[in-house]
*Asks:* 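Structure in structure tokens, see below.
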Amino acid sequence: MPEADHRRAYELIDRLAVERSLGPAEYEELVRAFTPEVAAYAADRAVRERRRVYGTDVYIRGLIEISSYCKNDCLYCGLRRSNRSAERYRLRAEDILACCDVGYNLGFRTFVLQGGEDAAFTDEVVCDIVCAIKAAHPDCAVALSLGERARASYQALFDAGADRYLLRHETADPKHYARLHPAELSWERRMQCLRDLRDIGYQVGCGFMVGSPYQTAVALAADLKFVETFRPAMVGIGPFIPHHATPFAREPAGSVDLTCYLLSLLRLIDPALLLPATTALGTLDATGRERGICAGANVVMPNLSPTDVRQKYELYDKKAHAGSEAAEGLAELRRRMEAIGYRVVIDRGDAKCLD
């Protein structure tokens with residue numbers, strides 16, 4: 001890229017670091033301006049902001065994948081109902097509580113219950129589980145990631161003690177959304193769910209895949225603008241990774257480099273964001289966790305699920321679930337974070353309020 005084009009990108013990054021806002025066309029410019037040099041410049045600004053707000057702390061969440069059953073048929077997901085070769089499982093309440101007990105003793109103070117949209121996990125079942133976790137570990141946060149539900153359901157789960165809800169918006173472009181999902185799922189419904197969660201009082205997380213099929217620079221710019229205007233507490237992004245039993249099996253994986261660049265831009269949009277260095281980064285790159293942290297991320301989510309089910313929760317091929325991706329690898333994770341100048345802390349890791 002000519003130096004003049006670099007200068008324009010640097011100017012936009014500098015303005016974003018001050019104003020926390022750009023226009024859609026300017027975000028598109030930044031997406032298209034991506035080069036290693038521009039990414040390094042954005043990462044430097046992002047890390048300064050991250051350290052100003054969060055210091056060198058890295059927050060850990062214990063991820064418990066409670067069910068691989070899903071009623072939906074999303075075109076990119078290995079848990080889709082059309083995947084007849086998937087090994088399905090469903091954790092019992094006592095299994096989930098045991099995972100939390102193990103995690104608490106390891107130093108986790110946030111538990112994330114994630115699963116497909118499984119009708120067996122009714123409001124009553126999930127509320128009972130949330131109440132039990134809170135009773136056993138009152139100093140911990142409970143985050144849920146159980147897909148689209150009715151507003152009354154979200155309210156019931158919140159009233160039971162759930163603190164956070166993670167629901168990736170997947171893409172802020174309605175036309176792109178329609179190309180990733182079956183007709184019975186709608187972009188408008190997904191956005192309404194996110195608004196309901198925010199209005200109820202959850203710390204809300206959204207997010208998107210980087211490099212998903214049919215994604216354009218315009219779509220990524222819309223994602224950045226959506227985060228700017230919606231103001232979630234957390235944004236989870238990771239490179240798209242294909243699954244062999246989906247219609248996108250032969251599509252190329254997304255870029256780790258571009259994902260890290262977008263993490264930096266997200267940090268500049270909102271310095272208080274909780275930004276995970278996701279499992280997908282660690283799956284495509286053995287140093288993906290570290291690269292995400294060095295781009296501005298401040299959260300990692302090791303797997304607390306029972307070891308005999310981890311391979312069955314196959315959102316995409318070869319999903320990492322061992323070593324520093326696993327709860328029992330926490331010592332390794334701590335060592336790896338310390339090697340790049342950061343420290344894993346025992347903390348709920350709530351988003352900071354800068355207003």
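Note: hydrogens, waters and symmetry copies are ignored here, and every other heavy atom, side chains too, is used.
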*Asks:* State, with a plain yes or no, whether a side-chain heavy atom of Cys99 is found less than 4.5 Å away from one of Pro306.
*Replies:* yes

*Asks:* Going hydrophobic residue to hydrophobic residue with side-chain gaps under 4.5 angstrom, can you get from Phe121 over to Val309?
*Replies:* yes

*Asks:* Between Asp173 and Thr171, is any side-chain donor less than 3.5 angstrom from a side-chain acceptor?
*Replies:* no

*Asks:* Aromatic rings Tyr261 and Phe34: how do their planes relate, parallel, tilted or perpendicular, breaks at 30° and 60°?
*Replies:* tilted

*Asks:* Please report the closest heavy-atom contact between Ile96 and Ile64, naming both atoms and the distance.
*Replies:* O-CD1, 4.1 Å

*Asks:* So His169 and Asp223, do their side chains get closer than 4.5 Å, heavy atoms only?
*Replies:* yes

*Asks:* Going by distance alone, is a donor N or O of one side chain under 3.5 Å from an acceptor N or O of the other, for Arg164 and Thr110?
*Replies:* yes

*Asks:* Look at Arg336 together with Glu332 and state whether they make a salt bridge at an N to O cut-off of under 4.0 Å.
*Replies:* yes

*Asks:* If we only count heavy atoms from C-beta on, is the Tyr313 to Ser305 side-chain gap below 4.5 Å?
*Replies:* no

*Asks:* Are Glu37 and Thr35 close enough that a side-chain donor and a side-chain acceptor fall under 3.5 Å?
*Replies:* yes

*Asks:* In terms of relative ring orientation, are His137 and Phe111 parallel, tilted or perpendicular, with 30° and 60° separating the classes?
*Replies:* tilted

*Asks:* Give the minimum heavy-atom separation between Ala119 and Thr122, together with the two atoms involved.
*Replies:* O-CG2, 3.5 Å

*Asks:* Sequence neighbours left out, what passes side chain to side chain contact (heavy atoms under 4.5 Å, CB included) with Pro252? Give chain and number order.
*Replies:* none

*Asks:* Using every non-hydrogen atom in the two residues, find where Ala272 and Ala351 come nearest and quote the distance to one decimal.
*Replies:* O-CB, 3.9 Å

*Asks:* Tell me, yes or no, whether the heavy-atom count around Arg250 atom CZ, taken from other residues, nucleotides or ligands under 6.0 Å, exceeds 12.
*Replies:* no

*Asks:* Looking at Tyr10, is Arg45 sitting on its ring face, NZ or CZ under 6.0 Å from the six-membered ring centre and within 45 degrees of the normal?
*Replies:* no

*Asks:* Less than 4.5 Å apart, side chain to side chain, heavy atoms only: is that true for Met337 and Glu290?
*Replies:* yes

*Asks:* Can you hop from Val142 to Val125 via hydrophobic side chains spaced under 4.5 Å?
*Replies:* yes

*Asks:* Are Leu75 and Leu315 in one and the same hydrophobic cluster, where Ile, Leu, Val, Met, Phe, Trp and Tyr link if side-chain heavy atoms are under 4.5 Å apart?
*Replies:* no

*Asks:* Do Arg195 and Gln192 meet the criterion of a side-chain donor-acceptor pair at a distance under 3.5 Å?
*Replies:* yes

*Asks:* Considering the options Glu228, Lys225, Arg32, which one meets the side-chain hydrogen bond (donor to acceptor under 3.5 Å, both in side chains) requirement together with Tyr27?
*Replies:* Glu228

*Asks:* Would you find a donor on one side and an acceptor on the other, under 3.5 Å apart, between the side chain of Lys134 and the backbone of Cys140?
*Replies:* yes

*Asks:* Please name the pair of heavy atoms, one in Ala150 and one in Arg189, separated by the smallest distance, quoted to 0.1 Å.
*Replies:* N-NH2, 3.7 Å

*Asks:* For the hydrophobic clusters of this structure (ILVMFWY residues joined by side-chain heavy atoms under 4.5 Å, transitively), does one cluster hold both Phe248 and Phe208?
*Replies:* no

*Asks:* Start with the C-alpha gap between Glu19 and Ser21, add the side-chain angles, then the distance that decides, and say whether side-chain hydrogen bond (donor to acceptor under 3.5 Å, both in side chains) holds.
*Replies:* CA-CA 5 Å; Glu19 299 177 6; Ser21 176; over 6 Å; no

*Asks:* Show the numbers, then the answer: is there a side-chain hydrogen bond (donor to acceptor under 3.5 Å, both in side chains) between Ser255 and Asp257?
*Replies:* CA-CA 5 Å; Ser255 163; Asp257 292 339; 4.8 Å; no

*Asks:* Is Glu251 paired with Arg179 through a side-chain N to carboxylate O contact shorter than 4.0 Å?
*Replies:* no

*Asks:* Would Glu65 and Arg310 pass as an ion pair if we require N to O under 4.0 Å?
*Replies:* no

*Asks:* How close do Asn83 and Gly78 get, counting heavy atoms only, and between which atoms?
*Replies:* ND2-O, 2.8 Å

*Asks:* Within 45° of the six-membered ring axis of Tyr104 and under 6.0 Å from that ring's centre, is NZ or CZ of Arg109 located there?
*Replies:* yes

*Asks:* Taking 4.0 angstrom as the limit, do Lys71 and Asp118 come out as a salt bridge?
*Replies:* no

*Asks:* Any heavy-atom pair between the side chains of Phe230 and Arg198 that's under 4.5 Å?
*Replies:* yes

*Asks:* I want to check something: taking the side chain as every heavy atom from C-beta on, are Tyr76 and Thr246 in contact at a cut-off of under 4.5 Å?
*Replies:* no

*Asks:* Only distances under 3.5 Å count here; give the side-chain donor-acceptor pairs of residues 235-245 to other protein atoms, sequence neighbours excluded, each with its distance to 0.1 Å.
*Replies:*
residue, atom, partner, partner atom, Å
His243, ND1, Ala245, N, 2.9
His243, NE2, Glu314, OE1, 2.7
His244, ND1, Asp317, OD1, 2.8

*Asks:* Between Thr279 and Arg289, is any pair of side-chain heavy atoms under 4.5 Å apart?
*Replies:* yes

*Asks:* Going only through I, L, V, M, F, W and Y residues with side-chain contacts under 4.5 Å, is there a path from Val58 to Leu263?
*Replies:* yes

*Asks:* Determine whether Tyr165 and Val204 make a side-chain contact, defined as any pair of heavy atoms from C-beta on separated by less than 4.5 Å.
*Replies:* no

*Asks:* Show the nearest heavy-atom pair for residues Leu194 and Cys206, with the distance to one decimal.
*Replies:* CD2-CB, 4.3 Å

*Asks:* Taking atom CZ of Arg15 and atom CG of Leu268, what is their separation to the nearest 0.5 Å?
*Replies:* 13.0 Å

*Asks:* Whether the Tyr202 and Asp196 side chains hold a donor-acceptor pair (N or O, under 3.5 Å, no angle test) is what I'd like checked.
*Replies:* no

*Asks:* Keeping the roles fixed (side chain from His6, backbone from Ala33), state whether a donor-acceptor pair exists under 3.5 Å.
*Replies:* no

